[in-house]
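Quick caveat: nothing in here was measured; it's all calculated off a predicted structure. Reminder, nothing fancy here: chain letters follow the sequence lines and each chain counts from 1. When reading the values below, keep in mind they use all heavy atoms of this one structure, side chains included, and skip hydrogens, waters and symmetry mates.
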Amino acid sequence: MSKILSLYNSLYEMYGPQGWWPLLELHGKKGCNPTKSGSIKGYHPDDYSYPKNKRQQFEICIGAILAQNTSWPNVEKALINLKDKRLLDAEKIISASDKMLSDAIRPAGYFNQKTKKLKIFSKFYKSLKGKTPSRGDLLNCWGVGPETADSILLYVYKQPEFVVDTYTKRILREMKIITSRHSYDDIKSLFEDDLSKDYKLFQEFHALIVEHAKRLKR
DNA sequence: AACCAGGACGTGA
DNA sequence: TCACGTCATGGT
């Protein structure tokens with residue numbers, strides 16, 4: 001068995017299914033995981049039927065952008081503010097004033113940049129008219145880099161695109177599978193060449209890596 | 001009280 | 001290409 005696959009097996013055995021991507025709507029619902037620390041109680045372990053509608057799809061897109069180099073509890077605050085102000089919607093974000101938007105997402109940090117990113121993405125999202133974007137389409141959208149693009153493709157559109165984040169790099173570096181100076185795409189194909197292109201597997205693997213990295217710190 | 005979070009972009013070499 | 005500075009709030 002490859003190192004990559006055995007890493008997945010051991011992480012899954014340690015932590016079990018993670019129920020990513022967390023959603024606001026699942027707050028307090030049965031079936032979600034109430035034990036996750038300091039975050040939206042919107043996890044849905046072992047249930048891969050999410051997102052169930054356009055609203056949840058869009059919420060994940062916005063969450064992915066807000067989560068750029070930002071801790072999830074801060075993203076949660078921003079998402080709740082957006083929801084309270086009825087701004088968790090592409091048309092509303094486009095028509096909202098910059099001040100209104102940046103005010104809502106302030107807890108997620110980088111609020112000036114992210115205000116611009118959310119507006120640009122919302123226009124892009126509307127132009128899709130419900131269709132699944134290509135990876136290139138997403139990368140052409142200002143404010144969407146490789147990790148955000150792959151997160152959206154994997155968790156919104158269930159495309160088997162492996163998400164590489166700082167935790168992934170750190171773990172592979174500690175396992176001496178990579179040195180520094182491997183590109184994002186290098187690491188991405190390291191996983192994808194070794195795993196069956198199964199979106200559930202990819203969703204679970206990335207979530208497990210994040211969970212593992214978080215637990216190591218405490 | 002520094003340090004870092006589920007990054008991306010602009011710049012100069 | 002690529003290394004580095006910038007963006008910003010809130011946890012630990």
Side-chain angles (χ1 to χ4, degrees), chain A residues 7-8 11 15 17-24 33 36-45 50-51 59-82 98-99 101-122 124 133 135-156 161-174 178-188 191 202-218:
Chain A
L7 171 63
Y8 175 77
L11 288 179
Y15 306 124
Q18 296 299 300
W20 272 44
W21 186 282
L23 290 162
L24 288 177
N33 186 346
K36 286 280 184 186
S37 64
S39 44
I40 299 174
K41 310 298 190 293
Y43 299 88
H44 41 88
Y50 292 94
E59 179 189 324
I60 295 174
C61 293
I62 297 310
I65 292 171
L66 292 177
Q68 291 171 1
N69 200 39
T70 301
S71 63
W72 188 256
N74 287 1
V75 176
E76 167 189 303
K77 294 184 180 76
L79 284 174
I80 290 174
N81 287 343
L82 287 173
D98 284 3
K99 184 182 186 313
L101 242 191
S102 60
D103 216 41
I105 67 172
R106 186 170 301 267
Y110 308 105
F111 50 83
N112 288 316
Q113 286 193 356
K114 284 175 179 174
T115 292
K116 195 192 302 182
K117 290 179 182 182
L118 292 193
K119 290 213 165 194
I120 291 174
F121 182 83
S122 294
F124 167 76
R135 190 168 190 268
D137 289 339
L138 285 164
L139 291 176
N140 282 333
C141 187
W142 187 89
V144 177
E147 187 188 336
T148 306
D150 288 332
S151 295
I152 290 173
L153 288 169
L154 181 60
Y155 289 104
V156 176
E161 301 283 350
F162 201 88
V163 178
V164 177
D165 64 348
T166 53
Y167 295 143
T168 312
K169 296 172 187 169
R170 182 184 307 167
I171 289 180
L172 288 192
R173 216 176 298 133
E174 287 169 358
I178 62 170
T179 59
S180 58
R181 181 174 297 121
H182 278 78
S183 71
Y184 182 94
D185 290 327
D186 287 342
I187 302 170
K188 176 181 167 68
F191 285 89
F202 284 22
Q203 287 186 348
E204 209 59 81
F205 205 159
H206 173 66
L208 284 166
I209 287 172
V210 174
E211 178 63 18
H212 182 59
K214 282 179 177 173
R215 293 210 192 188
L216 289 183
K217 304 195 66 169
R218 313 174 212 154

Please determine if a side-chain N or O atom of [X] lies less than 4.0 Å away from the OP1 or OP2 oxygen of [N].
X      : N     : value
A:N69  : C:dC7 : no
A:T166 : B:dG7 : yes
A:R170 : B:dA5 : yes

Do A:T70 and A:K114 get their side chains close enough for a donor-acceptor pair, meaning under 3.5 Å?
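Yes, A:K114 and A:T70 have a side-chain donor paired with an acceptor closer than 3.5 Å.
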Between A:N112 and A:T115, is there a side-chain donor-acceptor contact under 3.5 Å, judged purely by atom types and distance?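 No pair is found: no donor N or O on one side chain lies under 3.5 Å from an acceptor on the other.
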task = Report yes if some heavy atom in the side chain of A:K117 is under 4.5 Å from a heavy atom in the side chain of A:Y110; otherwise report no.
result = no
Mind checking whether A:L138 and A:F124 have side chains closer than 4.5 Å, heavy atoms only? yes
Pairwise P distance, B:dA1 and C:dC7 [rounded to whole Å]: 24 Å
Checklist entry - Taking the same atom, P, in B:dA8 and in C:dG10, what whole-Å distance lies between them? => result 22 Å
May I ask you to say what [X] touches in the nucleic acid, namely base, sugar-phosphate or nothing, with a heavy-atom cut-off under 4.0 Å?
X      : result
A:T148 : sugar-phosphate
A:Y110 : base
A:K114 : nothing
A:Q113 : base
A:V144 : sugar-phosphate

Pairs: protein N or O with nucleotides 10-13 of chain B N or O, under 3.5 Å:
from   : atom 1 : to     : atom 2 : distance (Å)
B:dG10 : OP1    : A:W142 : NE1    : 3.1

Whole angstrom value for the distance that separates [atom2] of [N] from [atom1] of [X]:
X      : N      : atom1 : atom2 : result
A:D185 : C:dT1  : CG    : P     : 12 Å
A:K116 : C:dT6  : NZ    : C1'   : 12 Å
A:N81  : C:dT9  : CG    : P     : 14 Å
A:H212 : B:dA5  : NE2   : C1'   : 18 Å
A:D103 : C:dT9  : CG    : P     : 12 Å
A:E147 : B:dA5  : CD    : C1'   : 11 Å
A:Q68  : C:dT9  : CD    : C1'   : 15 Å
A:L216 : C:dT12 : CG    : P     : 17 Å

Quick check: closest heavy atoms across [X] and [Y], and the distance to 0.1 Å?
X      : Y      : answer
A:E59  : A:L24  : OE2-N, 2.7 Å
A:K116 : A:W142 : CD-CZ3, 3.6 Å
A:C61  : A:V156 : SG-CG2, 3.9 Å
A:A64  : A:I152 : CB-CG1, 4.2 Å

Q: Please figure out whether A:K77 or A:T70 has its closest DNA chain C nucleotide nearer the 5' end.
A: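 The 5'-side residue here is A:T70.
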Parallel, tilted or perpendicular: rings of A:Y155 and A:W20 (30°, 60°):
tilted
Parallel under 30°, tilted from 30 to 60°, perpendicular over 60°: which one fits the rings of A:F205 and A:F162?
->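 Geometry flag for A:F162 against A:F205: perpendicular rings.
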Practice prompt. Answer yes or no: does atom NZ of A:K169 have more than 12 heavy-atom neighbours from other residues, nucleotides or ligands under 6.0 Å?
Written response: yes
On DNA chain B, compare the nucleotides closest to A:G143 and A:A67; which residue's is nearer the 5' end?
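By nearest-heavy-atom nucleotide position, the 5'-most residue is A:A67.
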>> What stems show up for DNA chain C when you take Watson-Crick pairs (N1-N3 plus N6-O4 or O6-N4) and G-U wobbles (N1-O2, O6-N3), both under 3.5 Å, and require three or more consecutive pairs?
In response: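 If one scans DNA chain C for consecutive Watson-Crick or G-U pairs, the stems found are B:7-13 with C:1-7.
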| message | Just confirming the chi classification of C:dG11, syn or anti, using 90° around 0 as the syn window. | response |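 That one's syn.
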